[in-house]
Chemist: 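Next up is a structure, given as structure tokens.
Everything numeric in this text was worked out from a predicted model, so none of it was measured.
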Amino acid sequence: MHVMQYEITLPADYHMGIIRDRVATRGHLMDAFPGLGLKAYLMRERGEDSPVNQYAPLYLWTTPEGMNSFLRGPGFHGIVQDFGRPEVQHWTGLSYAEGPSPAALPRSATRLRSPVAPSATPADAVGAALEESRRLAKAPGAVATALAADPRHGELLHFTLWDHPAPQEAGDRYEVLHLSRPEREQLGEGRRW
């Protein structure tokens, strides 16, 4: 599993209805994309829960070929044409688990990026993060959760989809506008570390 995300931060006075319309008219185009486990069309609006207006889709890829095909294809080219080339962040998947509400359409998502302390061994840091992933996977209203690592920057990423408004935990909270899940069953349950 490969996790990928790009963030498009928009002006404070940007009409976020434009992003909602974009996803409503184009989101279905990824519903059968080969190599894609799931794509969460994420958005957050400047206000109480967010310092910025942002469109920040997050992908869980089942194959690197799927990810590479998307980045070379018309979908990503449309993003580049409309918003400029965003920095594409990616992480190696460590675990994926369905939550107690796997069939629910997610309404929100949380993302927590955590640096691994220089004094921590990678095994200890990942072990603690896996425990947190198990906790999140059992939380009421969790649809699915994933854990990934960026070894270059020494960072761990927790991503969880919720069937209710995102809990007030650490990290960024997003509204889920659409969920494409063509190969979700191929993400598999369990640990990859």
Side-chain angles (χ1 to χ4, degrees), residues 1-7 22-43 55-76 78-79 88-113 126-127 129-151 156-167 169 171-193:
M1 177 178 72
H2 299 275
V3 179
M4 182 183 93
Q5 185 177 38
Y6 46 88
E7 300 166 308
R22 179 187 188 93
V23 172
T25 58
R26 300 181 191 182
H28 71 281
L29 297 174
M30 295 293 288
D31 287 352
F33 199 91
L36 178 63
L38 64 83
K39 175 182 180 180
Y41 292 79
L42 305 178
M43 182 186 89
Y55 174 54
L58 190 138
Y59 304 72
L60 301 182
W61 295 98
T62 59
T63 67
E65 295 83 8
M67 179 174 69
N68 293 335
S69 176
F70 171 75
L71 291 171
R72 289 189 315 263
F76 188 65
I79 290 290
V88 178
Q89 304 165 85
H90 58 93
W91 301 264
T92 300
L94 299 179
S95 70
Y96 173 83
E98 300 280 322
S101 302
L105 287 176
R107 293 180 48 204
S108 66
T110 52
R111 182 197 68 177
L112 177 62
R113 296 170 62 173
V126 170
L130 287 167
E131 285 299 317
E132 176 64 6
S133 284
R134 283 190 274 281
R135 181 191 72 78
L136 288 168
K138 294 176 185 173
V143 174
T145 191
L147 173 66
D150 174 354
L156 295 169
L157 175 130
H158 277 105
F159 174 70
T160 306
L161 294 167
W162 303 95
D163 71 357
H164 54 71
E169 295 188 10
D172 299 314
R173 288 177 288 286
Y174 299 91
E175 178 182 354
V176 178
L177 302 177
H178 180 74
L179 184 71
S180 294
R181 50 186 180 264
E183 297 180 8
R184 182 174 173 180
E185 69 284 349
Q186 292 182 33
L187 291 170
E189 294 269 340
R191 179 177 164 166
R192 293 168 178 80
W193 168 260

Chemist: Are Leu157 and Gln89 side-chain neighbours, meaning at least one heavy-atom pair lies under 4.5 Å?
Modeler: no

Chemist: To the nearest 0.5 Å, what is the distance between CG (Leu38) and CD (Glu185)?
Modeler: 11.0 Å

Chemist: How far does CG of Leu36 sit from CD of Gln186, to the nearest 0.5 angstrom?
Modeler: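 Between atom CG of Leu36 and atom CD of Gln186 there are 10.5 Å.
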
Chemist: Shortest non-hydrogen contact from Ala166 to Thr110?
Modeler: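 So the two residues come closest at CB-CG2, 3.7 Å.
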
Chemist: Where is the tightest heavy-atom contact between Ala104 and Val143, given as atom of each residue plus distance?
Modeler: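 The pair with the smallest heavy-atom distance is O-CG1, 3.8 Å.
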
Chemist: Given side chains that start at C-beta, do those of Arg107 and Pro165 come closer than 4.5 Å, heavy atoms only?
Modeler: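 Result yes, sub-4.5 Å side-chain heavy-atom pair found.
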
Chemist: If the condition is side-chain hydrogen bond (donor to acceptor under 3.5 Å, both in side chains), which residues does Glu132 pass it with, not counting sequence neighbours?
Modeler: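 Only Arg135 meet the side-chain hydrogen bond (donor to acceptor under 3.5 Å, both in side chains) criterion with Glu132.
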
Chemist: State, yes or no, whether a side-chain contact exists between Ile79 and Tyr6 at a heavy-atom distance under 4.5 Å.
Modeler: yes

Chemist: Could I get the full list of side-chain hydrogen bond (donor to acceptor under 3.5 Å, both in side chains) partners for Ser69, not counting sequence neighbours?
Modeler: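 In terms of side-chain hydrogen bond (donor to acceptor under 3.5 Å, both in side chains), with neighbours along the sequence ignored, Ser69 is linked to no residue.
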
Chemist: Partners of His28 by ring-ring contact (aromatic ring centres under 6.0 Å, His included), sequence neighbours excluded?
Modeler: none

Chemist: Can you give me the closest heavy-atom contact between Asp163 and Ser101, atom names plus distance?
Modeler: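 In this case the closest contact between Asp163 and Ser101 is OD2-OG, 3.2 Å.
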
Chemist: Can you check side-chain contact (heavy atoms from CB on, under 4.5 Å) on Arg184 and Tyr96, steps first, answer last?
Modeler: CA-CA 10 Å; Arg184 182 174 173 180; Tyr96 173 83; 3.3 Å; yes

Chemist: Is there a side-chain contact between Phe159 and Leu42 in this structure, where contact means two heavy atoms from C-beta onward sitting under 4.5 Å apart?
Modeler: yes

Chemist: Do you know which two heavy atoms are closest between Ser180 and Pro182, and how far apart they sit?
Modeler: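 Heavy atoms only, the tightest pair is C-CD, 3.6 Å.
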
Chemist: Find the distance between CG (Asp172) and CZ (Arg111) and round it off to the nearest 0.5 Å.
Modeler: 4.5 Å

Chemist: Should we count CZ of Arg113 as having more than 12 external heavy atoms under 6.0 Å?
Modeler: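 Atom CZ in Arg113 is crowded, with more than 12 foreign heavy atoms closer than 6.0 Å.
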
Chemist: Could you check whether Tyr41 and Arg26, counting side-chain N and O atoms only, form a donor-acceptor pair closer than 3.5 Å?
Modeler: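 Tyr41 and Arg26 do not have a side-chain donor-acceptor pair below 3.5 Å.
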
Chemist: Between Ala109 and Leu161, what is the shortest heavy-atom contact and its length?
Modeler: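 Answer, listing the atom of Ala109 first, then Leu161: CB-CD2, 4.0 Å.
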
Chemist: Any side-chain heavy-atom pair from Leu147 and Leu130 closer than 4.5 angstrom?
Modeler: yes

Chemist: Under a 3.5 Å threshold, yes or no: a donor from one side chain and an acceptor from the other, between His158 and Thr145?
Modeler: no

Chemist: Using 0.5 Å steps for rounding, measure from the CG atom of Leu58 to the CD atom of Glu7.
Modeler: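 Spacing of CG (Leu58) from CD (Glu7) equals 9.5 Å.
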
Chemist: Report yes if the side chains of Met4 and Trp61 come closer than 4.5 Å at any heavy-atom pair, otherwise no.
Modeler: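 Counting from C-beta outward, Met4 and Trp61 do come under 4.5 Å.
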
Chemist: State, yes or no, whether a side-chain contact exists between Val88 and Phe76 at a heavy-atom distance under 4.5 Å.
Modeler: yes

Chemist: Is the closest side-chain heavy-atom distance between Leu94 and Leu156 below 4.5 Å?
Modeler: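 Counting from C-beta outward, Leu94 and Leu156 do come under 4.5 Å.
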
Chemist: Looking at Ser108 and Tyr174, would you say the former's side chain and the latter's main chain have a donor-acceptor pair under 3.5 Å?
Modeler: no

Chemist: When rounded to the nearest 0.5 angstrom, what is the spacing between CH2 in Trp91 and CD in Gln5?
Modeler: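 Going from CH2 on Trp91 over to CD on Gln5, the span is 5.0 Å.
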
Chemist: Got a second to check how far Lys39's NZ is from Asp31's CG, nearest 0.5 Å?
Modeler: 10.0 Å

